[in-house]
Trainee: 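Sharing a structure here in structure tokens format.
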Amino acid sequence: MMDMRRIRDNPEEIQALLAKKGVVVDLTRIIDQDQERRRLLTDMEQLKAERNRVSLEVAHKKKAGENADALVEEMRGVGDRISGFEARLREVDAALQEEMMAIPNPPLKDVPDGATAEDNVEVRRWGMVPTFSFEPKPHWELGEALGVLDFERARKIAGARFTVFAGVGAEMARALVNFMLDHNRRRGYTEMAPPYLANRESLVGTGQLPKFADDVFRVVPHEYYLIPTAEVPLTNLHRDEILNEKDLPIRYTGYTASFRAEAGAAGRDTRGIIRQHQFDKVELVQFTKPEDSADALSAMVEDAEDVLEQLGLPYRTVLLCGGDMGFTQEKTFDLEVWMPSYGRYVEISSVSLFGDFQARRARIRYRRETSKKTELVHTLNGSALAIGRTFAAILENFQEAQGRVVVPAVLQPYLDGRTRLG
RNA sequence: GGAGGGGUAGCGUAAUUGGUAACGCAGCGGUCUUGAAAACCGCCGCCCUAAAAAGGCUUGCAGGUUCGAGUCCUGUCCCCUCCGCCA
């Protein structure tokens, strides 16, 4: 959620920034609502002040054995007026809240203009795109032939867009998780293993709800949601908390499964394991002071990039243009791994800065040592990395003519020294 | 799931028949001291405000009764103990 004061002070600037995300909003109504809200609030508080004062007087009189009926009678009317204000305030508040919840986080000024992924700006490219002396196979064919991916049986168990990692495949998926967690831990992140189900409040906090209810799985009849990313539980670790300045930055890494309904993506990436209802991911989450968040973003991008470099996978890093960004982000870098079957780079990590947008929704603050004031923290997160897509990239990039696959050196210790699949 | 007990500031505890949240510890600042400790004084929940004053809010959460609710009523969440079930 945005800072209302920011909207009040610079509506034109906000509107221009939101336009970068392709969002057109009329802020004048919100500004009017906010004005109305604050007017009601001050009027009501004045009445409450009167009530508090007179009630105390009643108490004194009664204690002294005097009659206070006149005052009580007078306050009865005040009480009714307060109730009236409260009711109206509730309405205005709810309406304003709903509007505010629906406004995306405006991108930072240095986010490039553009409408689609075509307009993203490549900032870095690493590694050699492999060339093959034979016809390379897509990962779904390699995986089935090697017996490490079983789509058929996953369909029987759950349905489309699910995969069974079988045998050595399961081992390698787990090796990837362990490798990434160890990697991130060595770079200063504390490992956390959170719940995979979260309540409504948590999803509102990170921004998935109320607007994107169609994208997440809800566990009926309970008010639980399957987490669409570890960002939800890891960020909500500190919801409704006031952190100590000296504890910042706080850095977490965690492995979880992630669940996405992908309601709008029917027909895209239907083959293979690129787009699944359930996938594994190792996530990075960070809480920083506002002045530190920009540097933290760059560092987090490097942390994720290093995972790919350790694995030897060719990738490029792009700065997303406004039109390709999500609802909650104010700046996002995507890491895209080379995927031979696609003949292009495919997103394997997304590293984002959220400013105080999530912190305001989730009430995550810290106390400044100097001023003793509470301020909202900045939150960031990024994948390091998506396990399924990494798995697919390894199969495709490191395949050999006979259909065998070379295991990256850094994974071999996690696989009893195994050098190849197949 | 059932029965009972309990949620008050970071922690531990108070609060006459309903009368407007108190105390200790910890923490912060200060006095004193060569330094430290002790002692003493002050601060020590949140919001609103550029800030302060003033004001409002705050006893898990949401409602209700009342001039006034930590206290009474309803709903709900969480924790503890026991029973049941269970990886």
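Proteins get letters first, then strands, A, B, ... in listed order; numbering begins at 1 in each. All figures in this text were calculated on a predicted structure; none of them were measured in a lab.
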Trainee: Both distances under 3.5 Å, Watson-Crick or G-U wobble: report the partner of B:A9, or none.
Mentor: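 Partner of B:A9: none.
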Trainee: Suppose you measure atom P in B:A52 against the same atom in B:G2; what distance do you get, rounded to whole Å?
Mentor: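 B:A52 and B:G2 have their P atoms separated by 50 Å.
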Trainee: Starting from C1' on B:C48, measure out to CG on A:D3 and report it in whole angstrom.
Mentor: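 The answer, rounded to whole Å, is 13 Å.
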Trainee: Send over the distance from A:E73 CD to B:U66 P, rounded to a whole Å.
Mentor: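 To the nearest whole Å, that distance equals 12 Å.
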Trainee: Could you measure between the two P atoms, the one in B:C43 and the one in B:C25, and give it in whole Å?
Mentor: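 B:C43 and B:C25 have their P atoms separated by 15 Å.
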Trainee: What is the base-pairing partner of B:G75, counting Watson-Crick and G-U wobble geometry with both distances under 3.5 Å?
Mentor: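 Its partner is B:C61 (Watson-Crick or G-U wobble, both distances under 3.5 Å).
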Trainee: If I pick the C1' atom on B:G19 and the same atom on B:U71, what distance separates them, to the nearest angstrom?
Mentor: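 These two C1' atoms come out 11 Å apart once rounded.
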Trainee: A:D295 vs A:S298, test: side chain to side chain donor-acceptor pair (under 3.5 Å). Steps then yes/no.
Mentor: CA-CA 5 Å; A:D295 288 343; A:S298 308; 5.3 Å; no
Trainee: In the strands shown, is B:A14 matched to any nucleotide by a Watson-Crick or G-U wobble pair with both distances under 3.5 Å, and which?
Mentor: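 Pairing partner, where one exists within any strand: none, as none qualifies.
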Trainee: Taking N or O atoms only and anything under 3.5 Å, show me the protein contacts with nucleotides 52-62 of chain B, one pair per line.
Mentor:
| unit_1 | atom_1 | unit_2 | atom_2 | d |
| --- | --- | --- | --- | --- |
| B:A52 | OP1 | A:K373 | NZ | 3.1 |
| B:G56 | OP1 | A:N52 | ND2 | 2.9 |
| B:G56 | O2' | A:E45 | OE2 | 3.3 |
| B:C57 | OP2 | A:N52 | ND2 | 3.2 |

Trainee: Could you tell me how far apart A:R38 (CZ) and B:C48 (P) are, to the nearest whole angstrom?
Mentor: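 Value for this atom pair: 11 Å.
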Trainee: Can you figure out which of B:G63, B:G19, B:C47 approaches the side chain of A:T374 most closely?
Mentor: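 Looking only at side-chain atoms, A:T374 lies closest to B:C47.
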Trainee: Can you tell me how far C1' in B:G12 sits from the matching atom in B:C82, rounded to whole Å?
Mentor: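 B:G12 and B:C82 have their C1' atoms separated by 26 Å.
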Trainee: In whole Å, what separates the C1' atom of B:G18 from that of B:A54?
Mentor: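 It works out to 28 Å between them.
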Trainee: Please say which of A:D334, A:N105, A:T379, A:T332 ends up in a side-chain hydrogen bond (donor to acceptor under 3.5 Å, both in side chains) with A:S352.
Mentor: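 One option only clears the test, and that one is A:T332.
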Trainee: Tell me: CZ of A:R37 to P of B:C48, nearest whole Å?
Mentor: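 Computing the A:R37:CZ to B:C48:P distance gives 9 Å.
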Trainee: Any luck finding a side-chain donor-acceptor pair between A:Q286 and A:T288 under 3.5 Å?
Mentor: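 No pair is found: no donor N or O on one side chain lies under 3.5 Å from an acceptor on the other.
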Trainee: Decide yes or no on side-chain contact (heavy atoms from CB on, under 4.5 Å) for A:V351 and A:L297, but give the supporting numbers first.
Mentor: CA-CA 7 Å; A:V351 184; A:L297 177 63; 3.9 Å; yes
Trainee: Crowded around A:E98 CD? As in, over 12 foreign heavy atoms under 6.0 Å?
Mentor: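 Open: at most 12 neighbouring heavy atoms sit under 6.0 Å from CD of A:E98.
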Trainee: Now, which nucleotide makes the Watson-Crick or G-U wobble pair with B:C40, with each of the two distances under 3.5 Å?
Mentor: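 B:G30 is the nucleotide pairing with B:C40.
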Trainee: Check each residue of residues 4-15 of chain A for a non-hydrogen atom within less than 4.0 Å of any atom in RNA chain B, then write out the ones that pass by number, or none.
Mentor: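 Listed by number, they are A:R5, A:R8.
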Trainee: So if I apply the side chain to side chain contact (heavy atoms under 4.5 Å, CB included) rule between A:F162 and each of A:Q278, A:K156, A:R153, which one comes out positive?
Mentor: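 Testing A:F162 for a side chain to side chain contact (heavy atoms under 4.5 Å, CB included) against A:Q278, A:K156, A:R153 leaves exactly one candidate, A:Q278.
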Trainee: Can you tell me the base-pairing partner of B:U20? Count Watson-Crick or G-U wobble geometry only, both distances below 3.5 Å, and say none if there is no partner.
Mentor: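 With both distances under 3.5 Å required, B:U20 matches none.
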Trainee: Return the nucleotide paired to B:A69: Watson-Crick means purine N1 to pyrimidine N3 with N6-O4 or O6-N4, wobble means G-U with N1-O2 and O6-N3, both under 3.5 Å.
Mentor: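 Result: none.
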Trainee: For A:D240 and B:C47, give me the distance from atom CG to atom C1', rounded to whole Å.
Mentor: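 Rounding to the nearest Å, CG of A:D240 and C1' of B:C47 are 14 Å apart.
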Trainee: Within a strict 4.5 Å, meaning less than it, do heavy atoms of the A:D113 and A:K20 side chains meet?
Mentor: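 Yes, their side chains come closer than 4.5 Å.
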Trainee: Nearest of B:G63, B:C47, B:G68 to any side-chain atom of A:R365?
Mentor: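 Minimum distance to the A:R365 side chain belongs to B:C47.
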Trainee: Let me know, please, whether A:I242 or A:R90 comes out on the 5' side of the other along RNA chain B by nearest nucleotide.
Mentor: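 Checking each residue's closest nucleotide, the 5'-ward one belongs to A:I242.
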Trainee: Take atom CZ of A:R38 as the centre, draw a 6.0 Å sphere, and report whether it contains more than 12 heavy atoms from other residues, nucleotides or ligands.
Mentor: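 Atom CZ in A:R38 is crowded, with more than 12 foreign heavy atoms closer than 6.0 Å.
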Trainee: Mind running salt bridge (Lys or Arg N to Asp or Glu O under 4.0 Å) on A:D32 and A:R29 for me, showing each step along the way?
Mentor: CA-CA 5 Å; A:D32 288 346; A:R29 196 176 69 239; over 6 Å; no
Trainee: Should B:G1 form a Watson-Crick or G-U wobble pair with both distances under 3.5 Å, which nucleotide is its partner?
Mentor: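 Its partner is B:C83.
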Trainee: Using the P atom as the reference point in each nucleotide, state the distance between B:U20 and B:G5 in Å, no decimals.
Mentor: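 After rounding to an integer number of Å, I get 29 Å for this pair.
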Trainee: Determine the Euclidean distance between corresponding C1' atoms of B:C83 and B:U16; express it in Å to zero decimal places.
Mentor: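 Approximately 40 Å lies between the C1' atom of B:U16 and that of B:C83.
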Trainee: Considering only atom P, compute the distance from B:C46 to B:A9 and round it to an integer number of Å.
Mentor: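 The same atom, P, in both gives a distance of 12 Å.
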Trainee: Tell me what A:V54 touches on the nucleic acid: a base, only sugar-phosphate, or nothing, going by heavy atoms under 4.0 Å.
Mentor: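 A:V54: no heavy atom of the nucleic acid under 4.0 Å.
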Trainee: Whole angstroms only, please: what is the CZ-C1' distance between A:R367 and B:C44?
Mentor: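 That distance rounds to 9 Å.
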Trainee: Which class fits the ring pair A:H238 and A:Y252: parallel under 30°, tilted 30 to 60°, perpendicular over 60°?
Mentor: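 The rings of A:H238 and A:Y252 lie parallel, inter-plane angle below 30°.
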Trainee: Shortest non-hydrogen contact from A:R360 to A:M1?
Mentor: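 Closest approach of A:R360 to A:M1, heavy atoms only: NH1-O, 2.7 Å.
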Trainee: Using atom CZ of A:R363 as one end and atom P of B:C47 as the other, report the distance to the nearest whole Å.
Mentor: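 Atom CZ in A:R363 sits about 12 Å away from atom P in B:C47.
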Trainee: What is the distance, rounded to the nearest whole Å, between atom CG of A:N244 and atom P of B:C28?
Mentor: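 Answer to the nearest Å: 11 Å.
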